[in-house]
Amino acid sequence: MSVDKSSAPLLSTEALVGPVIDASLDAVVIADLAGTIIRANPAADAIFGHAPGSLIGKPIGGTIVPPHLRAAHDRGMAHHAATGERKVIGRRLELEAFHAEGRTFPVEIQIEEIAQGDQRVYAAFIRDLTERRAMEAEVARQRELIHQQEKLSALGALLGGVAHELNNPLSVVIGRAAILQDVLAGSDEERTITKLREAADRCSRIVRTFLAMARDGRPRYGQVDLNDLLVGAVEFAGYDLRSAHIAVTTEFDPDVFAVPGDHDQLVQAFVGLIINARQALERRDGARTLHLRTQRKDACVRITIADNGPGMAADVRARAFEPFFTTRAFGEGGGSGLAIARGIFESHGGGITIDDAVSTGCAIVVKLPVGKGEAR
Ligand SMILES: Nc1ncnc2c1ncn2[C@@H]1O[C@H](COP(=O)(O)OP(=O)(O)O)[C@@H](O)[C@H]1O
Ligand SMILES: [Mg+2]
């Protein structure tokens with residue numbers, strides 16, 4: 001059977017092109033010379049947030065162009081109508097568009113002028129860039145994060161060495177300052193050399209605390225001056241505490257200068273407690289205080305770390321020492337600070353509790369035995 005091709009009816013241009021325009025994933029908006037929309041495909045309705053078909057008959061400038069660009073849009077249309085000069089037409093542009101909900105969003109747009117006889121229209125092909133921009137921003141954020149992490153791990157790898165390097169010159173400064181302190185005792189320069197000595201001691205404590213934080217977990221027991229250790233921990237966190245406007249007060253019992261223990265492990269535990277207090281205090285609006293106290297009691301030393309932050313609710317308090325229990329946002333704390341601290345204090349024959357009696361804030365109480373050699 002043969003088919004007579006010439007008898008098949010030709011599709012009209014509209015019948016052919018109309019469904020193609022309607023199927024487009026990008027918005028297609030056609031306007032007449034006055035800027036009135038004469039055709040908009042379903043993607044245009046969806047992208048600009050208008051009811052299906054409702055864009056027809058509306059002015060382009062007053063609907064999909066954001067208010068702050070409308071005057072420029074109208075001027076551009078008038079200029080083109082008067083001179084035929086093509087500034088925008090035929091070029092691919094990235095612009096802001098206006099959503100029916102009253103917000104602007106980024107689009108990529110190409111406008112074509114289509115002339116047939118003495119009829120002219122503008123056809124705009126518009127692509128919503130919101131998702132692409134969000135993805136680009138996310139990629140940029142991730143890249144910045146990786147960059148920061150790389151820097152941090154490089155810094156971490158080097159800082160341990162730097163701290164060790166600082167130890168030697170620092171001990172020279174401290175040793176010479178001590179000699180000069182003796183030589184200059186009673187003279188006009190005594191105050192100056194005392195200040196120098198104190199500053200050098202402070203540097204040395206910060207370096208020691210840093211090295212203690214960086215050290216591996218193998219226990220190394222000795223005699224620990226707890227007051228000195230706590231001063232070091234506060235100085236180590238000093239910048240953090242100052243930038244959070246936390247006033248630190250201390251009340252140290254001079255009798256706790258020699259407690260048997262692992263200096264570095266104890267530093268790690270106490271720094272964790274101080275950072276917890278700082279994080280809690282950041283949630284407080286009024287004056288922020290952190291109070292550290294040591295007390296010698298019989299065969300025990302009692303250390304209190306009290307902040308006037310929001311404190312712990314009963315349900316948090318009940319679970320605070322559980323490993324991985326945290327109330328913090330992802331990435332802000334792994335929930336092991338208190339669990340590790342408890343492990344360290346218990347391995348010293350002591351313990352850690354949360355003081356129930358305080359009415360505001362949170363007070364952590366640590367008990368450590370002074371050991372047989374120290375009993376008096
Ligand atoms: N000083 C404090 N004030 C109020 N809540 C605290 C304090 N210290 C600890 N907490 C609570 O105990 C939880 C567990 O603390 P921690 O074991 O150090 O883990 P992390 O600090 O990683 O959350 C914290 O998430 C917080 O809710
Ligand atoms: Mg913590």
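The first residue in the sequence is number 1, and the count goes up from there. Note that ligands are numbered from 1 as they come in the structure, with each ligand's atoms numbered from 1 the same way. Remember, predicted model here, so these are calculated numbers, not experimental data.
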### Message
Between R218 and D264, does any NZ, NE, NH1 or NH2 come within less than 4.0 Å of an OD or OE carboxylate oxygen?
### Response
no

#### Entry: NZ/NE/NH1/NH2 to OD/OE distance under 4.0 Å, R86 and E113
yes

#### Entry: R197 side, atom CZ; T192 side, atom OG1 - distance, nearest 0.5 Å
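Rounded to the nearest 0.5 Å, the CZ-OG1 separation comes to 15.0 Å.
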
## Note on the structure
Rounded to the nearest 0.5 Å, the CD1 atom of I364 sits from the SG atom of C362 at a distance of 4.0 Å

Are any protein N/O atoms closer than 3.5 Å to the N/O atoms of ligand 1? If there are, list each pair with names and the distance to one decimal place.
from, atom 1, to, atom 2, distance (Å)
ligand 1, 1 (N), D307, OD2, 2.8
ligand 1, 17 (O), G337, N, 3.3
ligand 1, 17 (O), L338, N, 2.8
ligand 1, 18 (O), N276, OD1, 3.1
ligand 1, 18 (O), N276, ND2, 2.8
ligand 1, 18 (O), L338, N, 3.4
ligand 1, 21 (O), N276, OD1, 3.0
ligand 1, 21 (O), R328, NE, 2.9
ligand 1, 21 (O), R328, NH2, 3.0
ligand 1, 22 (O), G334, N, 3.2
ligand 1, 22 (O), G335, N, 2.7
ligand 1, 23 (O), T326, OG1, 2.6
ligand 1, 23 (O), R328, NE, 3.1
ligand 1, 25 (O), T326, OG1, 3.4
ligand 1, 25 (O), T327, N, 2.9
ligand 1, 25 (O), T327, OG1, 3.1
ligand 1, 27 (O), T327, OG1, 2.5

### Query
Can R319 be said to sit on top of F325's aromatic six-ring, NZ or CZ under 6.0 Å from centre and within 45° of the ring axis?
no

### Query
Are R70 and F98 in a cation-pi contact, defined as NZ or CZ under 6.0 Å from the six-membered ring centre and within 45° of the axis?
yes

### Message
So, 2.8 Å as the limit: is an N/O/S atom of Q279 located closer than that to the Mg ion (ligand 2)?
### Response
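It does not; every qualifying atom lies at 2.8 Å or beyond.
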
